[in-house]
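Have a look at the structure below, then the notes.
All figures in this text were calculated on a predicted structure; none of them were measured in a lab.
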Amino acid sequence: DAKTTQPPSMDCAEGRAANLPCNHSTISGNEYVYWYRQIHSQGPQYIIHGLKNNETNEMASLIITEDRKSSTLILPHATLRDTAVYYCIVRANYGGATNKLIFGTGTLLAVQP
Amino acid sequence: EPEVTQTPSHQVTQMGQEVILRCVPISNHLYFYWYRQILGQKVEFLVSFYNNEISEKSEIFDDQFSVERPDGSNFTLKIRSTKLEDSAMYFCASSEAVAGYNEQFFGPGTRLTVL
């Protein structure tokens, strides 16, 4: 699976958009970008995933660059409960591919009141 | 909303003792996983399980570890003879399928403390 690079920490003001970047310059054509988060001492939580197109769900938006070498997770209106470590994970999505998730160190997002 | 549950939430044991960590995956899911997270470190994959057998395991998952689905609902992780370095949070996860939407749902974890 491709390696990802994320900033170790970011701050965001409550109510503002949080934009979390991820670099995955070695991503291959059959690999998706997944985002998970881990609120302190809890299990990781799936947020969103995408291949090429931008994606949006009730939690967040995912913007993937045209060359797919980087992406940004956007939390449109961050709340204090969004304070967590955010993980960007790249993995293939086809039968026979490994199904394990490889977590890096992620980005610690601190939402400030 | 369906969720993965784990018991106990905290397990304290003496070094050399056997422990069994229990998980109830989401009912229609077919793939099951164990991960662990040593305090202050990354979440690490241990093992995945499908169709009543291990489909993949990491180097951490040595002969001291085993997994089982003893009935239609539980998924267990057994550590035969615990070591101090086994102290960690252990997370169970499940997913509907490997391909397609591989959203893995994680449980709240079991904190294992080995004394």
- Message: Could you check whether any side-chain heavy atom of B:F106 comes within less than 4.5 Å of a side-chain heavy atom of A:Q38, counting everything from C-beta outward?
- Response: no
- Note on the structure: Whatever's closer than 4.5 Å to a heavy atom in chain A on B:Q6 counts as neither
- Side-chain heavy atoms under 4.5 angstrom apart, residues restricted to Ile, Leu, Val, Met, Phe, Trp, Tyr: same cluster for A:L80 and A:I47? yes
- To the nearest 0.5 Å, what is the distance between NZ (A:K100) and NZ (B:K57)? 13.0 Å
- Task: Any chance you could measure A:F103, atom CZ, to B:K42, atom NZ, to the nearest 0.5 Å?
- Result: 12.0 Å
- Has the side chain of B:Y35 got a donor or acceptor atom that lies under 3.5 Å from a matching backbone atom of A:L101? yes
- Query: Mind checking whether A:V90 and A:L20 sit in one hydrophobic cluster, side chains of I, L, V, M, F, W, Y counted as touching below 4.5 Å?
  - Reply: yes
- Is it true that B:F45 and B:I79 fall in one hydrophobic cluster, defined by side-chain heavy atoms closer than 4.5 Å? no
- Are B:I60 and B:V67 connected in a single hydrophobic cluster, I mean Ile/Leu/Val/Met/Phe/Trp/Tyr linked by side-chain heavy atoms less than 4.5 Å apart? yes
- Message: Grouping I, L, V, M, F, W and Y whenever their side-chain heavy atoms are under 4.5 Å apart, do B:V43 and B:L46 come out in a common cluster?
- Response: no
- Side-chain heavy-atom pair B:R111, A:S41 within 4.5 angstrom cut-off: yes
